[in-house]
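Have a look at the structure below, then the notes.
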Amino acid sequence: MSRWLLLLLVAGPASAYDSGRAAFSVRVDDLVIPYRTFAVFVLPAEQFDIEVIGSGAPAVLYTSAGKATAVSERNWLATAPSRPGAYAITIRRGQDRMQLNVVVMHPSSKVVNGRLNGFRIGAYPARALNGDPIYLPPDGFIDLNAKTAALALSPHFALSQFPSKQPGGYPKYLVLQERLLLKLELLLEQVNARGFPADTLTIMSGYRTPWYNETIKNVPYSRHVYGGAADVFVDIVAPDGIMDDLNRDGRTDHRDAQTLYAWAHGLYGRHEHRRLRGGLGVYDATPAHGPFLHIDARGKRARWGLLP
C-alpha cells in the first residue's frame with residue numbers, strides 16, 4: 001500500500017484542522033499575535049505593553065501573577081513576576097478569549113563558566129556577526145523541566161519540541177524566538193491547506209546550545225544557537241521519523257523537502273509574513289536522517305541547499 005493511500009485511510013480529511021486563530025489579535029510590544037494561545041518570553045520584572053488591535057467591544061485582562069495596569073479599554077502595561085517561571089494572562093473581549101503564556105526566563109547573567117544550574121550552555125560569540133543585533137547573545141534562557149515540558153507555546157507547538165539535543169536530563173534551558181513560532185504556525189496552516197492533516201510539524205532540531213553546536217561542527221553563528229531556527233518535516237503517515245511523500249510521487253526524498261520549501265516560500269510577500277522573513281534551506285536524506293527543511297525568521301531573506 002502506498003504511503004499516500006495510507007494517509008487517506010488513516011489521517012482523515014484535512015477539514016478537521018483548526019488553525020487556532022482568535023477572533024481578535026493582540027500586540028505585545030512589537031509582536032502581533034493572532035492565536036487563541038501563544039507564549040511570550042520576558043525577563044524577571046520586565047515591563048511590556050499589551051494592546052488589543054482594532055475596534056470593537058472593550059476588553060478585560062486577567063493575570064495569574066505579576067501586574068497589569070490598564071492604560072485604556074484595550075491597552076495595558078504588564079509587569080512580569082521577579083522570579084523565573086510561567087504564568088497566564090487571559091484577555092476577554094465579548095465572548096472571545098486569548099491566553100498568553102508568559103514565560104519568565106533566567107537572566108543570562110546567571111550563566112557561570114558556561115553552565116546554568118549545571119546545564120551546559122557554552123559561550124556565545126563575543127561580537128555580533130557583521131554588527132547585526134540578531135546575533136547578540138540572548139538576554140535570558142527558558143527553563144524546560146518536567147512541569148513546563150507540555151506548556152503550549154502556540155496552538156500546535158509545545159516547549160518540549162525545541163530543546164538542544166545534547167544528552168542529559170532536567171533541568172534543560174533553551175532560547176526561542178516568538179517570530180519563529182508564528183512562522184511555523186503559518187507553514188503548518190499551508191501543509192493542512194495542501195491536504196495533509198498534520199497536528200504539528202516534526203522538529204528535528206530546534207535550539208542548540210553553543211556547546212552542542214560546536215560538537216556537531218556547525219557554524220558558530222547558526223540561527224539555531226539564537227533560538228530563531230528549526231529543521232522540520234511532515235510525518236503523519238504511520239509516524240516513522242521520516243518525511244512524508246508530500247509531492248505524491250510514491251517516494252520519500254529531497255523532492256518532498258523541496259515541496260515543503262515551495263509551500264513556505266509561497267508565504268513570502270504576504271502582509272502577515274512581512275515581519276517573519278528569513279531563511280529556507282532544503283536538505284537531502286543522509287544515513288542519520290531523512291530529508292528536511294530549515295526555516296528561520298532572521299528578518300531578511302536567505303535561500304540555500306537543494307532548491308527546486
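FYI, side chains are in, hydrogens and waters are out, and symmetry mates aren't considered; it's all heavy atoms of this structure.
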Examine distances only and state if a side-chain atom of [X] and a backbone atom of [Y] form a donor-acceptor pair shorter than 3.5 Å.
X: Asp244; Y: Ile236; answer: yes
X: Asn145; Y: Tyr170; answer: no
X: Arg298; Y: Leu276; answer: no
X: Asp29; Y: Asp49; answer: yes
X: Thr148; Y: Asp143; answer: yes
X: Glu46; Y: Leu43; answer: yes
X: Asp235; Y: Asp240; answer: yes

Near [X] [atom1], under 6.0 Å, is it more than 12 heavy atoms from other residues, nucleotides or ligands?
X: Asp30; atom1: CG; value: yes
X: Lys67; atom1: NZ; value: no
X: Glu214; atom1: CD; value: no

Are [X] and [Y] close enough that some pair of their side-chain heavy atoms sits under 4.5 Å apart?
X: Val42; Y: Val103; value: no
X: Leu260; Y: Leu187; value: yes
X: Leu176; Y: Ile142; value: yes
X: Phe38; Y: Leu31; value: yes
X: Ser164; Y: Tyr212; value: yes
X: Thr200; Y: Gln161; value: yes
X: Ile53; Y: Val32; value: yes
X: Ile295; Y: Lys183; value: yes

Worksheet item: For Tyr268, is the NZ or CZ atom of Arg274 found under 6.0 angstrom from the centre of its six-membered ring and inside 45 degrees of the ring axis?
Response: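 Because its charged atom misses either the 6.0 Å distance or the 45° angle limit, Arg274 does not stack over Tyr268.
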[X] and [Y]: which non-hydrogen atoms are nearest, and at how many Å?
X: Phe41; Y: Glu178; value: N-OE2, 2.9 Å
X: Leu180; Y: Gly227; value: CD2-O, 4.0 Å
X: Pro34; Y: Glu272; value: CG-OE2, 3.9 Å
X: Ala149; Y: Ala158; value: O-CB, 4.1 Å

Please table the atom pairs, donor to acceptor, closer than 3.5 Å between any side-chain atom in residues 77-100 and protein atoms at least two apart or in another chain.
| from | atom 1 | to | atom 2 | distance (Å) |
| --- | --- | --- | --- | --- |
| Thr79 | OG1 | Gln47 | NE2 | 3.4 |
| Arg93 | NH1 | Ser55 | O | 3.1 |
| Gln99 | NE2 | Asn101 | OD1 | 2.7 |

Practice prompt. For side-chain contact (heavy atoms from CB on, under 4.5 Å), just list the numbers for Lys165 and Arg208, CA-CA rounded to whole Å, side-chain angles, deciding distance to a tenth of an Å, and then say yes or no.
Written response: CA-CA 7 Å; Lys165 301 299 184 182; Arg208 297 176 192 157; over 6 Å; no
Practice prompt. Verify salt bridge (Lys or Arg N to Asp or Glu O under 4.0 Å) between Arg248 and Asp256, making sure each step is shown before the conclusion.
Written response: CA-CA 8 Å; Arg248 302 166 185 168; Asp256 299 299; over 6 Å; no
Worksheet item: Would you call the rings of Trp304 and His294 parallel, tilted or perpendicular if under 30° counts as parallel and over 60° as perpendicular?
Response: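 Judged by the thresholds at 30° and 60°, the geometry between Trp304 and His294 is tilted.
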Drop me the distance from [X]'s [atom1] to [Y]'s [atom2], to the nearest 0.5 angstrom.
X: Asn213; Y: Asn218; atom1: CG; atom2: CG; value: 4.5 Å
X: Leu159; Y: Leu151; atom1: CG; atom2: CG; value: 6.0 Å
X: Gln190; Y: Leu267; atom1: CD; atom2: CG; value: 5.0 Å
X: His273; Y: Leu186; atom1: NE2; atom2: CG; value: 7.0 Å
X: Met204; Y: Leu293; atom1: CE; atom2: CG; value: 10.5 Å
X: Phe157; Y: Tyr35; atom1: CZ; atom2: OH; value: 9.5 Å

Worksheet item: Checking side-chain hydrogen bond (donor to acceptor under 3.5 Å, both in side chains) for the pair Asp132/Asn130: CA distance, chi angles, key distance, verdict?
Response: CA-CA 5 Å; Asp132 191 332; Asn130 299 324; over 6 Å; no
Pair up each side-chain donor or acceptor in residues 116-126 with any protein partner under 3.5 Å, not counting sequence neighbours, and list the distances.
| from | atom 1 | to | atom 2 | distance (Å) |
| --- | --- | --- | --- | --- |
| Asn117 | ND2 | Tyr173 | OH | 2.7 |
| Tyr124 | OH | Tyr207 | OH | 2.9 |
| Tyr124 | OH | Val225 | O | 2.7 |

Discussion item. Under a plain distance cut-off of 3.5 Å, with no hydrogens placed, do Asp296 and His224 share a side-chain donor-acceptor pair?
Written reply: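 Result is no, nothing qualifies.
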Worksheet item: Using a distance-only test with no angle check, is there a side-chain donor-acceptor pair under 3.5 angstrom linking Ser154 and Glu185?
Response: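 Their side chains do contain a donor-acceptor pair, which is all the 3.5 Å distance test asks for.
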Discussion item. Is there a path of hydrophobic side-chain contacts, each under 4.5 Å between heavy atoms of I/L/V/M/F/W/Y residues, joining Phe162 to Trp211?
Written reply: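 They do not share one cluster, since no chain of ILVMFWY contacts under 4.5 Å joins Trp211 to Phe162.
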Discussion item. Is there a path of hydrophobic side-chain contacts, each under 4.5 Å between heavy atoms, that joins Val175 and Ile216?
Written reply: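 No, it is not one cluster - the side chains of Val175 and Ile216 are not joined through contacts under 4.5 Å.
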Discussion item. Pair Leu174, Phe141 - check side-chain contact (heavy atoms from CB on, under 4.5 Å), show working.
Written reply: CA-CA 5 Å; Leu174 65 141; Phe141 293 87; over 6 Å; no
Discussion item. Before we go on, tell me: are the rings of Tyr283 and Phe292 under 6.0 Å apart, centre to centre?
Written reply: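 Ring centres of Phe292 and Tyr283 closer than 6.0 Å.
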Worksheet item: Got a salt bridge between Arg36 and Asp18, using NZ or NE/NH1/NH2 to carboxylate O under 4.0 Å?
Response: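 Yes, charged N to carboxylate O under 4.0 Å.
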Practice prompt. Go through Glu189 and Arg270 one step at a time and tell me if the salt bridge (Lys or Arg N to Asp or Glu O under 4.0 Å) criterion holds.
Written response: CA-CA 14 Å; Glu189 195 169 329; Arg270 292 190 182 187; over 6 Å; no
Discussion item. Using the rule given for side-chain contact (heavy atoms from CB on, under 4.5 Å), can you reason through Val40 versus Ile33, listing the C-alpha separation, both sets of side-chain angles and the distance that settles it, and then say yes or no?
Written reply: CA-CA 10 Å; Val40 293; Ile33 300 168; 4.0 Å; yes
Worksheet item: When you look at Leu306 and Tyr261, which way does the side-chain contact (heavy atoms from CB on, under 4.5 Å) test go after all the steps?
Response: CA-CA 10 Å; Leu306 300 173; Tyr261 164 89; over 6 Å; no
